[in-house]
Amino acid sequence: MHPHPIRAAVFDIDGTLAMMDKDSGTYAALPGAVQALTALKARGLPVLAYTNGTFFPPAHYYPLLADAGLVLEPGHIVTPAAVSARQLAKMGVRRLLVIGADGTRVPLREAGIEVALTGEGREVDGVMLGWTKDFGAKDLEEAAQLLWAGKPLYATSIAPHFAGAKGRLLGISGAIAAALHNATGVKAKVFGKPETIGLDDISDMLGIPAAEMVVIGDDPKLEIAMARKGGAFAVGVTTGSVDEAGFLAADPALRAHVVLPGLQTLMTQRWW
Ligand SMILES: [Mg+2]
């Protein structure tokens, strides 16, 4: 079914491996997730978790997921903020106005990029958006002024929503990007899913081509589209954003190769 051997597995987190309770900030593993990770590791396959969320820096996800029984190896949790930071540093970006919480700020600083907040001066190379609960009119105003002055707009993700324990959660950076686009006409350059930059990053890290990876996720427009664009094997699960019809509605070129009701049946699939 897939013309390449599968040598690594890249899981989405929210709606795929686990569900976050936004009130408590804790994760609960979805059925079959713990068993799937254990079985894959026993087979010697690298297992990565690539979330589109930027609630936390990558380091914060390890204990949160481990508390839910999902143990990932060091370096094997990837966020779009970390992907963005590495790419922006390569592009020569030095200082950014950031509308985003520590999940965005920490990876930027780790990549050597200075983080400026609203009111800290407009000598920046662009505007960066990530998840945050704390933003207001002053932030939007300063960002709009920078975009009107010709600075570029970057975003970890512009996904409209993602799966939470109690239903859909708003994609904050997408909402801010839409507000700024409305004001300025500037579209954000996105680094997270469905762009393939993160998949390429993982491929470089593991030394395994994307064609030899399986990507498993709950959102046809995010990880499934990324997997198909990058040439990976794409597996959809219906435990998060959409049902089976939602996956089948995608353009055939970007559609999941397989749709499963959850991770319980992942390891018995014949395409491994
Ligand atoms: Mg998800």
Side-chain angles (χ1 to χ4, degrees), residues 9-22 25-34 36-37 47-56 58 60-61 64-65 68-70 72 76-84 103-104 130-131 155-175 190-199 201-202 213-230 232-250 254-264 266:
V10 179
F11 288 87
D12 171 53
I13 297 178
D14 296 278
T16 301
L17 283 176
M19 288 295 202
M20 189 175 74
D21 184 325
K22 200 173 64 164
T26 58
Y27 273 110
L30 280 161
V34 173
L37 295 201
V47 176
L48 284 95
Y50 176 20
T51 178
N52 230 29
T54 49
F55 313 106
F56 313 110
H60 284 225
Y61 280 96
L64 276 178
L65 291 174
L70 301 164
L72 280 299
H76 286 198
I77 295 180
V78 177
T79 77
V83 171
S84 307
T104 303
W131 183 86
T156 53
S157 165
I158 55 165
H161 52 76
F162 57 97
K166 292 167 186 160
R168 280 181 175 178
L169 297 175
L170 179 68
I172 303 273
S173 50
V190 178
F191 293 92
K193 309 170 198 175
E195 302 307 316
T196 57
I197 300 166
L199 197 59
D201 217 41
I202 291 168
M213 293 183 197
V214 58
V215 174
I216 301 133
D218 70 299
D219 195 323
K221 294 193 171 84
L222 296 180
E223 45 277 342
I224 301 304
M226 173 188 76
R228 291 301 309 269
K229 286 197 275 182
F233 192 61
V235 176
V237 287
T238 57
T239 44
S241 297
V242 299
D243 58 11
E244 188 174 13
F247 282 102
L248 298 180
L254 295 176
R255 192 179 292 164
H257 293 105
V258 175
V259 179
L260 302 176
L263 295 177
Q264 302 96 317
L266 180 69

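What you see is a predicted model; the values in this text were computed from it and never measured. Hydrogens, waters and symmetry mates are skipped; everything else that's a heavy atom, side chains included, is used. Numbers for residues simply follow the sequence, beginning at 1. Atoms within a ligand are numbered from 1 in the order they appear, just like the ligands themselves.
Looking at Ile202 and Val10, their side chains come closer than 4.5 Å, going by heavy atoms from C-beta outward.
By the side-chain hydrogen bond (donor to acceptor under 3.5 Å, both in side chains) test, Tyr50 is found to be paired with no residue, residues two or more places apart in sequence or in another chain being considered.
Taking both residues in full, the closest heavy atoms of Ile197 and Val190 are given as CD1-O, 4.1 Å, listed atom of the first, atom of the second, then distance.
Ordered by chain and number, Asp12 OD2, Asp14 O, Asp218 OD1 make up the set of protein N, O or S atoms under 2.8 Å of the Mg ion (ligand 1).
A donor-acceptor pair under 3.5 Å is formed between the side chain of Thr79 and the backbone N or O of Ala82.
Counted by atom type alone, Thr239 and Asp218 present zero donor-acceptor pairs between their side chains at under 3.5 Å.
Relative orientation of the Tyr27 and Tyr61 rings is tilted, given thresholds of 30° and 60° on the angle between their planes.
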